[in-house]
There are 2 protein chains.
Amino acid sequence: MARANEENRRKPVTLSDVARAAGVSQATASRAINGSQRTVNEELRQRIFTAAEKLNYTANLSAQTVARGTSTTVALLVSDIADAYFSSMAASVMTAAEAAGLRVTIAVTERSVQREIELVRELRGQHARAIILAGSGYLDSDLTEPLVRELEMFEDMGGRVVLVSRMDLPFAGVDLDNLEGAKRLASALVRLGYQSFRVLGGERELVATRDRVAGFRAGLDGHGITLGDDRVIYSNFSWEGGFDAIQAMDDRVLADTGLIFAVNDEMALGALAGLRNRGMRVPGDVALAGFDDIRSLRNIVPTMTTVRVPIEEVGREAIARALEVGDGHQPRVVTAIVVLRESTPRLN
Amino acid sequence: MARANEENRRKPVTLSDVARAAGVSQATASRAINGSQRTVNEELRQRIFTAAEKLNYTANLSAQTVARGTSTTVALLVSDIADAYFSSMAASVMTAAEAAGLRVTIAVTERSVQREIELVRELRGQHARAIILAGSGYLDSDLTEPLVRELEMFEDMGGRVVLVSRMDLPFAGVDLDNLEGAKRLASALVRLGYQSFRVLGGERELVATRDRVAGFRAGLDGHGITLGDDRVIYSNFSWEGGFDAIQAMDDRVLADTGLIFAVNDEMALGALAGLRNRGMRVPGDVALAGFDDIRSLRNIVPTMTTVRVPIEEVGREAIARALEVGDGHQPRVVTAIVVLRESTPRLN
DNA sequence: TTGAAAGCGCTAACAA
DNA sequence: TTGTTAGCGCTTTCAA
């Protein structure tokens, strides 16, 4: 089975090989195979396809990109592809992209704005058609300005930028309705009889943290309950963040807490583990709610109250915005839905 | 903010722009910026970099790929990126790739061999450096032969093929030790006192199903316990598959079952939900074990016995094999470790 | 409708 | 060490 050593490697079949085999010019072969507006005589067309098939021709995408000056690739930038939320999102974006005849390349930002900047820069070099930035969303970073500049250069080049869940920058976007979703959740919980809340936030600078905390607070406000700053505990936007925050909580504080709202489900799951680790029952001793409605919630007992982000819709909308022309910047809002489950039972 | 309409879009900065600005030839600029063996005079080098910086130059990857005839992209083919196992794998492959200066593009096969074939074909056109196929692993498919042919053409072109967890094809690979892992699990369970087993398999044609079932059976055999064919229930290799298999089980069969081994954790979690749905307690009424040790196991109660596949190592090994030259086909084996937890307590 | 030829941005002989 | 020049595989004017 000695194939493909440095020496005996077969040169790939090119379009000109196909053209020669079919007895036409390369231009005609190009028009027939890689579609263009112009039509090709049916008989030639047949000959060309037959030749291509026989030679096992596949178009060299890079060459097409160079020649055309544009590609059909959209890039999805996520913080961490192993995270359930982002991997679901990637799946939905890929499905939508496929339907639109686009290919997707996924890049991981590792929650670093610096990395985002580098990646956007590279993608400019790759002539990506669009960038869907679903990453961190760090506010107030010194790097926000450079990031915006880089994104603008990307658009100047003809690419399109779509931001998911952060509307503070001047680009097209899909808004996740964090604020309203959290607000409705707070309302629903008050109506179930809860009075004493604590909130577990991720990094303070994160858009998701800020909006969800603010929304939750606004929702409580509407019922005359004030969520003091001391009732919001900031940690990491991850399972470990939720776990650690609980571990660090004072016994008396915990005893005084009726319900904990973690700003995402991963944190809520970490908190759940933390609570159990401290011998607390959920919802017996304390109720718990999250945000996102990630798939793995179906595995836990008790079932968990959360705010569902319809992730397929997010993917579809992101691709739709990526395909739009012009530069409208009004975000498309995807509605988040409160889902009440066992972790927050009605109080008597 | 009217940028980037069709009309007023700025032409991207090219290498010749940089060269002109620096007052050198394009060749020199190329050597300085996009590294080559050859060295460039330090002063020129400075001038070139300054010019590149000022003009915000980024190399056009496609053009480089065309000119060089090879790319630094490796493609990872997975069944479903939303699946916890595959998304972890993607993360580990990306980390390892980054360290090696490669970029990764992820493509989804949707558990279809036909799709795998198409993708490999496209990747040949993209001059990908390597393909890591971590997908389905369907045996006995009519399409296996075409797939192999396509992969061989990919290698003929100079690309490298790395198979994860399927050693039946003549390519480099990373073996997951499915057989031995399942065998050790069976042994450990027998030693805990279990006697009556059922196995939940995924699709019969799946390598993972076949090897894990065979390994488990062999492990039991070693202790004089025979696992009859009627004790293996085939379903889908997914959460739903596990759930459905349990729903479809006869009451008497279930009552006669001491332990259920699901061939992957997702199925085990589905089975857990199914068992609870039928009012069975785990491990009180029936014990349960899975395979993979996916991350979300940390959220469930009881903690679940499984066989850990060290996924980071798989990613590293896959990239290492992708970088190897020559055509050795002996798979690198990654050892799977039995992890006993609460779902399979020792029996008195 | 077809073909010849120029060009996309870059690299790599080959000379100088 | 640098520059000249000829490609890489493809698309797309421009003539025919």
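Computation of the quantities below employed the complete heavy-atom set of this structure, encompassing side-chain atoms and omitting hydrogens, waters and symmetry-equivalent molecules. Below, chains carry the letters A, B, ... as their sequence lines are ordered, and counting in each starts from 1.
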B/Asn34 side-chain N/O to C/dC10 phosphate OP1/OP2 under 4.0 Å: no
salt_bridge(A/Glu98, B/Arg115) N-O dist < 4.0 Å: yes
B/Gln126 CD - D/dG9 C1' separation (whole Å): 14 Å
B/Asp17 CG to C/dG9 P, straight-line distance once rounded to whole Å: 8 Å
A/Arg47 bridged to A/Glu43 by N-O distance under 4.0 Å: yes
Candidates C/dC10, C/dG3, C/dA12 - which lies nearest the side chain of B/Ala27: C/dA12
Contact under 4.0 Å: B/Asn60 side-chain N or O vs C/dC8 OP1/OP2: no
Contact nearer the 5' end of DNA chain D, comparing B/Gly23 with B/Val66: B/Gly23
Proximity to the side chain of B/Ala67 - top-ranked nucleotide from C/dT2, D/dC10, D/dC8: D/dC8
Length of the CZ-P vector between B/Arg124 and D/dG9, whole Å: 14 Å
A/Ser30 side-chain N/O to D/dC10 phosphate OP1/OP2 under 4.0 Å: no
Steps toward side chain to side chain contact (heavy atoms under 4.5 Å, CB included) verdict (B/Val314, B/Met89): CA-CA 7 Å; B/Val314 173; B/Met89 170 115 171; 3.8 Å; yes
Rounded distance in Å - NE2 (A/His127) to C1' (C/dG9): 8 Å
Integer-rounded Å distance: C/dC10 P and B/Ile48 CD1: 14 Å
B/Gln64 side chain near C/dT11 phosphate (N/O to OP1/OP2, under 4.0 Å): yes
Options D/dC10, C/dC10, C/dT2, nucleotide nearest the side-chain atoms of B/Thr14: C/dC10
Phosphate OP1/OP2 of C/dG3 contacted by A/Thr28 side-chain N/O (<4.0 Å): yes
Under 4.0 angstrom between B/Ser25 side-chain N/O and D/dG3 OP1 or OP2: yes
Euclidean distance, atom CG of residue B/Leu15 to atom P of C/dA12 [Å, nearest integer]: 12 Å
B/Val24 backbone acceptor or donor facing B/Thr28 side chain under 3.5 Å: no
B/Gln26 CD - D/dC8 P separation (whole Å): 17 Å
Spacing of A/Met157 atom CE relative to C/dC8 atom P, expressed in whole Å: 17 Å
Lys/Arg-Asp/Glu bridge criterion (N-O < 4.0 Å) met for A/Arg160, A/Glu324: yes
Residue B/Arg31, side-chain atoms from C-beta onward, closest of C/dG3, C/dC10, D/dG3: D/dG3
Side chain of A/Arg68 (C-beta onward), nearest among D/dT12, C/dT2, D/dT2: D/dT12
